[in-house]
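Worksheet: one structure, shown below.
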Amino acid sequence: MSIVHKIQTCVVASLQSLYGQNFSEKDFQINQTKPEFEGDYTVVIFSLVKPLKKSPDVLGQELGTVLTTQHGDLFTGFNFIKGFLNLSIADSYWLDLLQHHHNDICFGKQAMNGQKVMIEYSSPNTNKPLHLGHLRNNFLGWSVAEILKANGYEVFKSCIVNDRGIHICKSMIAWQLFANGATPESTGIKGDHLVGDYYVKFNDEYKKQVATLVANGMSEADAEKNAPIMLQTQQMLLDWESGNPEVMTLWKTMNGWVYEGFDVTYKAIGSDFDKTYYESNTYLLGKDIVQQGLSKNVFQKKPDGSVWIDLTPDGLDEKLVLRKDGTSVYITQDIGLAQLKHDEFGIDQSIYVIGDEQNYHMKVLKLIAQKLGLPYADHIYHLSYGMVELPTGKMKSREGTVVDADDLVQEMIDTARRHTEELGKVKDFNPEELNTLFHTIGLGAMKFYLLRVDPKKKMIFNPEESIDFHGFTGPFIQYTHARIKSILRKEPLTSFDNSTELFLPLEKQVLYTLEQFPAAIADAAKELNPSVLANYLFHLAKQFNSFYTEHSIGNAETSNKKQLRLQMANMTAHVLKSGMQMLGIAVPERM
RNA sequence: GGUUCGGUAGCUCAGCUGGAUAGAGCAUCAGCCUUCUAAGCUGAGGGUCAUUGGUUCGAAUCCAAUCCGAAUCACCA
């Protein structure tokens, strides 16, 4: 039980015995006491003044007296200032915490709760390589999965690959027209980048053709529809759908190149999936659900044969769910896939990590599922995250302002190498150990940078200022861990009699924060927000560092004190490692 | 125009289920390596929490209005 929870319980009990009234934990607030006051935790008693019809001063004094007499083992003293009841917690409480958890690698994690959650993330298109926005998505999805696991959920990570459609055909047409049979092997270009290059070439050529047509007197709208390369692409999509062998072969070949490229990137950034869905397999799903919807009168068929749902009563618009030619649209496929996930995995919750530009779409998806009375409708949750923008605004592939994922990863690793070499602390590492270290630090800096911000908010990335390795960063926490490990290699942990130890303020600060780790994990899960953990871990590392510079561990005043501090250091290292792991970040033993 | 989200230090962000003098990091300035890793620590300067009004013992936090910014409102995915 957390200290805050314990205090709440004691206060409720004391109020009951004092005034004979029942209160719940929500009727008053417990805060950490501000450093300028005496005490550890504070009960804010203003909210109790009215129901008890007592003056704040009387209430505070009475409650403080009862708490310290009835729970003397937990509270050693109190003071009352202007409505704030500051309580001092017995040192034995923290000694106990240390004793039980200093070597507990599972500290803060919950037992399995029997709930199954699917989390869909990454979801790339196979016509271009991954960029910075995908990185935020991948890190978020992976981290939220880990956080939920730590809270006792069984988690399935899934990915839907958008591997078909007009945008894929654009790359294919451009490759046919301009590539002269170029392959990743023949050019030495990573497969996803090669295909992406032809996607760009398509757009260049398309723009050129439109300009030519307009110059010859055609209206811009007509030119956009009639540019030869666009007509070719549309024909290719029809050929693909009819299974034209030549088109299918090209499609498989080029997608194969892309997947090889993605594999390299995913491996580098540490993303993986338990289940991968391909849109080419799922795009026909959902049509039978539309039929059900028609018979339930949830959907309406228009004279031209197209099928719609009217969402105007819910403040939204009319939405098409089936084209007049009977083919399905985006939303139809998503309903089908939601059904498939539910059938295959029997999940209790389905989380979609998708950018906030799709808030409307996801709202519609859930609403349609609810109107159809589908059993999983209420389990759909859109984990919406903000775009990563540049100081100049949105990233635009056409203007070449996209920050490529592979480039950024490489840049981070190079920067980690540069810093490490300048500091020269690991000169005895062999080349393989060095590469692992550079990767750990570089990726750590990047992941922490993208995860430390509230997912809901859009964030700004300035490519001119490289991602920092000092301060509120991944390497700062990694460094704190490595430093502790260095001590633990030299000083063995042994058992000791700690019953008489008292804590110094800086020691107590670290223990306070360690105690809050379980709450941080729970909060992060509740809000599906890794930044809660990132902030917590930074706070812990910072407090440990303050303690570390002020007090020696190896040369502590007494041997018991030394053991006590070693336990604190050990527990801090475990928490940092465990918490960083939930962010997808490894911590090195040395750096 | 409708809907949704956002506006906190020079910059990037915490804090938002109302609580004591609004916090970090970066950047700037001043200190700290002959004992455990200085990717660290200590300190200083830097704020009209977009604006106005309301709710109350108390508002960055809740409510309303206004201003500014973004996303979205496709027979694209």
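Lettering follows sequence order; numbering is per chain, from 1. The analysis underlying the following values was restricted to heavy atoms, covering all of them including side chains, and did not include hydrogens, waters or symmetry mates.
Partners of A/S546 according to the side chain to side chain contact (heavy atoms under 4.5 Å, CB included) rule, which considers only residues two or more places apart in sequence or in another chain, are A/L506. Residues that satisfy the side-chain hydrogen bond (donor to acceptor under 3.5 Å, both in side chains) test with A/Q29, not counting sequence neighbours, are absent from this structure. Partners of A/T282 under the side-chain hydrogen bond (donor to acceptor under 3.5 Å, both in side chains) rule, at least two apart in sequence or in another chain, do not exist in this structure.
Rounded to a whole angstrom, the distance from the C1' atom of B/rG18 to that of B/rA22 is 14 Å. Across B/rG25 and B/rA44, the matching P atoms stand 12 Å from one another, rounded to whole Å. Between B/rU52 and B/rU8, the distance separating the two P atoms is 16 Å to the nearest Å. Distance check on atom C1': B/rC16 versus B/rC49 gives 11 Å, rounded to whole Å. To the nearest whole angstrom, the two P atoms, one in B/rU21 and one in B/rG31, are 34 Å apart. Annotation: B/rG46 and B/rG54 have their P atoms spaced 31 Å apart (nearest Å). Only the P atoms considered, B/rC11 is 16 Å distant from B/rU28, to the nearest whole Å. Between the P atoms of B/rG23 and B/rA27, the separation comes to 22 Å (whole Å).
Both the sub-6.0 Å distance and the 45° axial angle are not jointly satisfied by A/R452 relative to the ring of A/F538.
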Side-chain donor-acceptor pairs under 3.5 Å in residues 128-136 of chain A, sequence neighbours left out?
from   : atom 1 : to     : atom 2 : distance (Å)
A/H131 : ND1    : A/G133 : N      : 2.9
A/H134 : ND1    : A/H131 : N      : 2.9
A/R136 : NH1    : A/G386 : O      : 2.7
A/R136 : NH1    : A/K457 : O      : 2.9
A/R136 : NH2    : A/D454 : O      : 3.2
A/R136 : NH2    : A/K457 : O      : 3.0

Pair up each side-chain donor or acceptor in residues 38-46 of chain A with any protein partner under 3.5 Å, not counting sequence neighbours, and list the distances.
from  : atom 1 : to     : atom 2 : distance (Å)
A/D40 : OD1    : A/Y512 : OH     : 2.5
A/D40 : OD2    : A/I89  : N      : 2.6
A/Y41 : OH     : A/Q516 : NE2    : 3.3
A/T42 : OG1    : A/T33  : OG1    : 2.7
A/T42 : OG1    : A/N86  : OD1    : 2.7

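Considering only side-chain N and O atoms, A/R489 lies nowhere under 4.0 angstrom from the phosphate OP1 or OP2 of B/rC36. OP1 and OP2 of B/rA20 both lie 4.0 Å or more from every side-chain N or O belonging to A/K82. For A/T549 and B/rU42, the shortest distance from a side-chain N or O to OP1 or OP2 is not below 4.0 Å. Between A/K457 and B/rG7, a side-chain N or O to OP1/OP2 separation shorter than 4.0 Å is present.
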Can you pull every protein N or O that's under 3.5 Å from an N or O on nucleotides 30-35 of chain B?
from   : atom 1 : to     : atom 2 : distance (Å)
B/rU35 : O2     : A/N555 : ND2    : 2.9

Just the atom pairs and distances: protein N or O near nucleotides 24-26 of chain B's N or O, under 3.5 Å.
from   : atom 1 : to     : atom 2 : distance (Å)
B/rG25 : OP1    : A/K542 : NZ     : 3.0
B/rG25 : O2'    : A/F472 : N      : 3.3

Look for any protein N or O under 3.5 Å of an N or O in nucleotides 59-64 of chain B and output each such pair with its distance, or none.
none

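Applying the side chain to side chain donor-acceptor pair (under 3.5 Å) definition to pairs two or more places apart or across chains, none involves residues 44-58 of chain A. Screening residues 304-336 of chain A for ring pair (Phe, Tyr, Trp, His ring centres under 6.0 Å), with sequence neighbours left out, gives A/Y330-A/H361.
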Pairing of RNA chain B as dot-bracket, 5' to 3': ( ) intra-strand, [ ] crossing, | other strand, . unpaired, with Watson-Crick or G-U pairs under 3.5 Å?
((((((((.[[[[.)...(...]]]].(((((.......))))).....[[[[[..)....]]]]])))))))....
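Within the 4.0 angstrom heavy-atom criterion, base atoms lie near A/E589. The residue A/N529 sits apart from the nucleic acid: no heavy atom pair falls under 4.0 Å. Backbone-only contact: A/V453 has heavy atoms under 4.0 Å from sugar-phosphate atoms and none from a base. Residue A/L423 is classed as a base contact, given a heavy-atom separation below 4.0 Å to a base.
Ionic pairing of A/K394 and A/E389 is not present here: no N-O contact between side-chain nitrogen and carboxylate oxygen is shorter than 4.0 angstrom.
Contact annotation: side chain of A/T42 to base of B/rA20, donor-acceptor pair present below 3.5 Å.
Relative to the side chain of A/K363, the nucleotides B/rA20, B/rU3, B/rC36 differ in distance, and B/rU3 lies closest.
Defined by atom type and a distance below 3.5 Å, a donor-acceptor pair is missing between the side-chain atoms of A/S158 and A/E120.
Checking A/H551 against A/F84, the closest nucleotide of RNA chain B that is more toward the 5' end is the one next to A/F84.
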Could you encode protein contacts along nucleotides 71-77 of chain B as a string, one character per nucleotide from 5' to 3', using B for base contact, S for sugar-phosphate-only contact and - for no contact, with a heavy-atom cut-off of under 4.0 Å?
SSS-BSB
